[in-house]
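Since the structure comes first, as structure tokens, the remarks are kept for the end.
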Number of protein chains: 4
Amino acid sequence: MKAEKRKDLILACSKKLFAKQGFYRTQISDIIDEARIARGTIYQYFKNKEDIFVSLLEGAYAQWEQAVSQAVAAIDLKTIKPVDYFRLRIQTTLEFLLADPDICSIVLSMGFGLPEDLEKATRKLESKIRDIAVNDFMLGIHNNHVRKNINIDHAAEMIAGAAFRSAYYMQKKAKTGDRADIDTMTDEIVNLLAPGIFLPESLKL
Amino acid sequence: MKAEKRKDLILACSKKLFAKQGFYRTQISDIIDEARIARGTIYQYFKNKEDIFVSLLEGAYAQWEQAVSQAVAAIDLKTIKPVDYFRLRIQTTLEFLLADPDICSIVLSMGFGLPEDLEKATRKLESKIRDIAVNDFMLGIHNNHVRKNINIDHAAEMIAGAAFRSAYYMQKKAKTGDRADIDTMTDEIVNLLAPGIFLPESLKL
Amino acid sequence: MKAEKRKDLILACSKKLFAKQGFYRTQISDIIDEARIARGTIYQYFKNKEDIFVSLLEGAYAQWEQAVSQAVAAIDLKTIKPVDYFRLRIQTTLEFLLADPDICSIVLSMGFGLPEDLEKATRKLESKIRDIAVNDFMLGIHNNHVRKNINIDHAAEMIAGAAFRSAYYMQKKAKTGDRADIDTMTDEIVNLLAPGIFLPESLKL
Amino acid sequence: MKAEKRKDLILACSKKLFAKQGFYRTQISDIIDEARIARGTIYQYFKNKEDIFVSLLEGAYAQWEQAVSQAVAAIDLKTIKPVDYFRLRIQTTLEFLLADPDICSIVLSMGFGLPEDLEKATRKLESKIRDIAVNDFMLGIHNNHVRKNINIDHAAEMIAGAAFRSAYYMQKKAKTGDRADIDTMTDEIVNLLAPGIFLPESLKL
DNA sequence: AATGAATGAGTGTTCATTCAT
DNA sequence: CATGAATGAACACTCATTCAT
């Protein structure tokens with residue numbers, strides 16, 4: 001149990017540093033200073049610096065999956081209105097991203113200039129968010145709630161972009177991430193995007 | 001003139017490499033191999049590696065400003081319809097980003113993990129796009145075309161995100177960046193966002 | 001007694017590894033993996049890695065001394081013929097080296113690139129073999145069996161070299177080290193060297 | 001040309017250090033101190049530490065081949081007596097080993113505990129000497145100069161061992177390596193080994 | 001102006017040893 | 001006694017930058 005604590009400590013400190021300085025500018029020295037551990041200790045828990053990074057993102061990915069499935073479990077899919085379903089998705093995503101703003105920064109800011117493995121890990125979370133949006137769109141079109149001429153992939157891409165950007169915006173504006181802020185932010189996103197997505201009659205429900 | 005050629009060569013090669021591999025993974029060795037020049041030559045034209053990066057982005061920024069002012073000069077601000085003005089903005093931005101997909105990659109992907117100076121240079125272009133959106137929104141509200149309860153900053157942030165993401169999406173989908181692709185893409189963005197921005201009567205014009 | 005077992009286990013595993021990989025490439029991790037003990041346990045029985053190495057060689061040295069004295073005790077020094085005495089020396093040495101091929105590898109292959117202490121321990125066995133050869137030569141000259149113009153030191157050096165090399169050769173050729181192989185090998189060494197050492201009349205005895 | 005000088009300097013200093021301390025105890029720091037160059041300079045000429053080692057041995061190997069072919073070119077193979085041919089081989093080998101005592105130390109002392117590549121490079125010279133001995137033996141048997149019941153491989157192994165050991169012995173005894181010393185040493189080796197190799201009538205020639 | 005050999009501070013990683021449990 | 005997590009000095013190697021030619 002102590003060991004797990006240690007590993008988590010390293011992950012927590014690394015996350016903070018990666019978020020602030022990125023992968024390359026974060027040195028092993030920074031991490032051990034932050035975690036107040038010895039140089040060698042890191043290598044008892046992680047194969048190398050890349051391994052820390054990948055572990056971090058995979059942890060975040062697991063948390064995200066749990067958050068999404070919890071959110072869906074809490075609603076009645078039979079009666080929920082399309083726009084409210086959309087709103088819930090946005091809200092869940094924002095909550096998750098703001099609960100872990102460092103991961104949000106890392107995913108947002110880590111670019112193409114990473115070794116293949118890290119790149120892949122970084123994009124996994126993003127692409128999963130996109131995939132869910134794609135699924136929702138297909139269902140919405142099938143149920144006659146979403147306009148038929150929408151380019152699903154492109155729209156999903158833009159919505160993912162808008163969500164991440166909003167989370168980034170909240171951080172930048174030093175929004176606290178509490179319920180009120182998230183609700184306001186969610187409303188703004190929904191107000192901006194819903195009219196372009198849903199058919200008028202669905203919107204009026 | 002020979003000298004200017006040389007400088008441009010270095011910039012062109014660096015841009016390509018920065019776009020593909022990022023700032024940190026791109027080594028001076030890569031650049032001199034690509035440009036087929038000697039190691040020391042680089043330092044005749046640039047103070048250091050960061051200087052190349054900043055020059056690159058400032059060049060892109062200058063081009064962007066020119067593109068934007070040209071686009072505005074070409075239209076009649078008196079008669080243009082609000083949505084068409086919006087469409088033009090999106091189109092100009094997409095054209096610019098796709099004319100220089102490497103710069104697009106760099107701006108999109110270079111994250112917080114850069115030295116302060118580079119970070120600033122990277123964000124400059126992005127923030128300028130945002131600023132113009134903010135101005136347009138304020139004008140639109142004043143002229144009663146844009147709904148009044150919009151959060152201008154946040155909306156601008158999301159639109160910038162959507163634009164960059166769309167350009168990234170086009171690259172990924174290997175769209176050629178020719179007129180037809182850009183027009184389609186522009187329509188999709190406008191169709192998604194315009195209903196959430198403009199008042200119904202403006203939209204119908 | 002349990003403790004002694006443990007110490008022997010560490011020595012046995014270390015010997016195997018040192019023989020295969022040498023001193024520097026053999027890590028403490030390798031030894032504990034091989035011996036299936038905990039990291040710290042090693043330091044309960046040995047001061048450090050060097051101490052294991054020295055213990056190993058000193059054990060081998062003790063065994064060698066015992067083997068040599070046993071062999072001499074078994075013969076009648078009064079009646080044995082000079083060449084047979086030589087043959088016995090070679091045989092005893094080969095038997096010993098092949099009984100413990102790992103030690104043979106270690107002594108043969110561990111070179112000058114060791115810390116002074118280890119170097120000394122490694123050479124002790126070799127030099128002892130040489131010393132005995134020197135003594136034998138002196139006796140042989142005194143008794144008029146060995147040609148007088150022999151350079152004793154040099155000859156002893158070469159004979160030691162030949163003996164070790166033969167043992168190495170046997171290992172390499174996957175000779176089993178059983179009696180028949182050793183006898184053949186002994187004959188070959190004696191046939192090669194004896195004519196150059198002994199006076200013709202001694203040889204004919 | 002300057003560059004070649006530099007490479008040779010690094011090789012010379014490394015050779016000295018490898019001979020004295022072995023591969024593992026010789027650090028890059030030692031080499032740069034000895035050669036009075038900067039850390040990075042080494043890596044301009046060699047891929048890594050192992051590459052220096054291998055280059056060293058391959059250089060020695062090339063020199064050895066040249067020495068051997070020169071020696072054979074200088075004699076009349078038709079008229080030379082078998083023992084004199086043997087003596088010439090021994091002399092050539094000793095001359096070579098003593099001309100470069102550090103290489104001699106390295107080959108003699110580097111053991112099995114090296115990475116595969118280094119091991120192979122180290123053994124190459126040794127095995128070449130053995131191969132030549134094997135060839136000579138086969139010729140000698142065919143011409144009825146060498147006794148037929150000799151085990152060629154084993155004898156070659158022992159002769160190689162004796163030769164290297166003799167060179168090592170000369171170094172240890174601080175023999176100067178000049179002609180007189182080499183001649184004496186050669187005679188001693190020939191006197192010790194020739195009677196066990198050649199048939200009596202060949203020896204008397 | 002152009003070159004590319006030389007530089008050396010800085011980096012991730014290893015591994016023998018220690019010590020609290 | 002046995003354990004194995006923790007340690008940190010030591011290591012090979014990198015790479016942006018300099019500077020003599």
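Worth saying up front: this structure is predicted, and the values here are computed from it rather than measured. For the numbers below, each heavy atom of this structure counts, side chains included, while hydrogens, waters and symmetry mates do not.
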Rounded to the Å, how far apart are Asn48(B) CG and dA16(F) P?
11 Å

Between Thr41(D) and Ile10(D), the two heavy atoms sitting closest are O-CD1, 4.4 Å

I want to verify a distance call: between dT13(E), dT3(E), dT7(E), whose nearest atom is closest to the Gln44(D) side chain?
dT7(E)

So, is Tyr43(C) near the phosphate of dT17(E), with a side-chain N or O under 4.0 Å from OP1 or OP2?
yes

Backbone N/O of Ile106(D) and side chain of Lys15(D): donor-acceptor pair under 3.5 Å:
no

May I have the distance from Asp33(A) (atom CG) to dT7(F) (atom P), rounded to whole angstrom?
13 Å

Check the distance between dC15(E)'s P and Ile42(A)'s CD1 and give it to me in whole angstrom.
17 Å

Less than 4.5 Å apart, any side-chain heavy atom of Leu125(A) and any of Ile103(A)?
yes

Pick the closest DNA chain E nucleotide for Glu50(A) and for Glu50(C) by heavy atoms, then say which residue is nearer the 5' end.
Glu50(A)

Quick check on dA2(F): is either OP1 or OP2 less than 4.0 Å from any side-chain nitrogen or oxygen of Tyr45(C)?
yes

When you get a sec, tell me which of dA16(F), dC13(F), dT13(E) is the closest nucleotide to the side chain of Lys49(B)?
dA16(F)

Figure out the CD1/P separation between Ile10(B) and dA2(E), and round it to whole Å.
9 Å

Rounded interatomic separation in angstrom, taking CD1 from Ile37(D) and P from dG8(E)
11 Å

Hunt down the Watson-Crick or G-U wobble partner of dG12(E), both distances under 3.5 Å, from any strand shown, or write none.
dC11(F)

Within this structure, what is the CZ-to-C1' distance between Phe46(C) and dA16(E), rounded to whole angstrom?
15 Å

Determine whether a donor-acceptor pair (one donor, one acceptor, N or O, separation below 3.5 Å) exists between the side chain of Arg39(D) and the base of dT14(F).
no

Less than 4.0 angstrom between a side-chain N/O of Thr41(A) and OP1 or OP2 of dT7(F), yes or no?
yes

Categorize Ile28(D) for me: base, sugar-phosphate, or nothing, with a 4.0 angstrom heavy-atom threshold over every strand shown.
sugar-phosphate

Less than 4.0 angstrom between a side-chain N/O of Arg6(B) and OP1 or OP2 of dT3(E), yes or no?
yes

Backbone N or O of Gln27(D) within a donor-acceptor pair of the Asp30(D) side chain at under 3.5 Å?
yes

Indicate yes or no: does Glu126(B) engage Arg123(B) in a salt bridge with an N to O separation below 4.0 Å.
yes

The residue, Gly40(C) or Gln27(B), whose nearest nucleotide of DNA chain F is more 5′ is Gly40(C)

Atom CZ of Arg36(D) to atom P of dT7(E): distance rounded to whole Å?
12 Å

Given atom CD1 of Ile31(A) and atom C1' of dT11(E), what is their separation to the nearest angstrom?
13 Å

Taking pairing as Watson-Crick or G-U wobble with both contacts under 3.5 Å, can you name the mate of dT17(F), or confirm there isn't one?
dA6(E)

